[in-house]
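Have a look at the structure below before the remarks.
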Amino acid sequence: DERDYYSAATLAGSSEEISGRIALHAGKLPIREERMRDLILHFSSNQICSILELKKLDSEEIALEWILYKYTDWLKHYREENSQIYINTKIAAYELITRALSNLSKCGKSIQHADRFMEYAARTDIHDV
């Protein structure tokens with residue numbers, strides 16, 4: 001409602017992590033694991049190696065996690081030296097909220113006001129900043 005995308009994205013990132021654990025505990029595949037599988041299928045080895053080199057990462061899995069979690073990492077660990085990374089906080093908030101809701105939906109859990117968010121998302125172009 002207040003268009004505070006930094007707060008929404010930060011809270012949604014934590015919610016996604018917690019809801020992923022709830023999904024795992026319920027025997028469901030968290031959205032994180034689904035997205036990792038999708039990334040593996042869509043990124044070439046050369047692209048993954050480029051990210052490994054650029055970000056000085058140790059493994060392909062860490063590189064894929066960086067792709068998935070660049071929003072939450074940037075929001076949680078903001079440092080002056082990486083401030084040149086542009087994060088569209090509106091898109092970050094949208095993606096992280098939908099991931100958290102997806103995890104909980106898989107477990108049959110409902111979230112108060114999730115319907116309001118889905119209505120907002122349906123009528124809003126998240127790419128308009």
task = List the atom of Pro30, the atom of Gly20, and the distance in Å for their closest heavy-atom pair.
result = CG-O, 3.5 Å
Identify all side-chain donor-acceptor contacts of residues 100-108 below 3.5 Å with residues at least two apart in sequence or on another chain.
residue	atom	partner	partner atom	Å
Asn103	OD1	Ile31	N	2.7
Asn103	ND2	Glu16	O	3.4
Asn103	ND2	Ser19	OG	3.1
Lys106	NZ	Leu29	O	2.4
Lys106	NZ	Glu34	OE2	2.1

inquiry  = Testing the basics here: between Tyr94 and Ala121, what is the closest heavy-atom pair and its distance to 0.1 Å?
reply    = CE1-CB, 3.4 Å
task = Give the C-alpha distance, both sets of side-chain angles, the deciding distance and a yes or no for side-chain contact (heavy atoms from CB on, under 4.5 Å) between Tyr120 and Met118.
result = CA-CA 5 Å; Tyr120 165 80; Met118 298 312 280; over 6 Å; no
task = Enter the distance from Tyr5:OH to Ile97:CD1 here, rounded to the nearest 0.5 Å.
result = 9.5 Å
task = Not counting sequence neighbours, which residues clear salt bridge (charged side-chain N to carboxylate O under 4.0 Å, His left out) with Arg116? List them please.
result = Asp1
task = Report the C-alpha distance between Thr98 and Phe117 in whole Å, list the side-chain angles of each, state the deciding distance to 0.1 Å, and finish with yes or no for side-chain contact (heavy atoms from CB on, under 4.5 Å).
result = CA-CA 9 Å; Thr98 55; Phe117 171 75; 3.5 Å; yes
task = Would you mind reporting whether Glu119 and Arg123 have side-chain heavy atoms less than 4.5 Å apart?
result = yes
inquiry  = Nearest 0.5 angstrom please: Leu11 CG to Asp4 CG, how far?
reply    = 8.5 Å
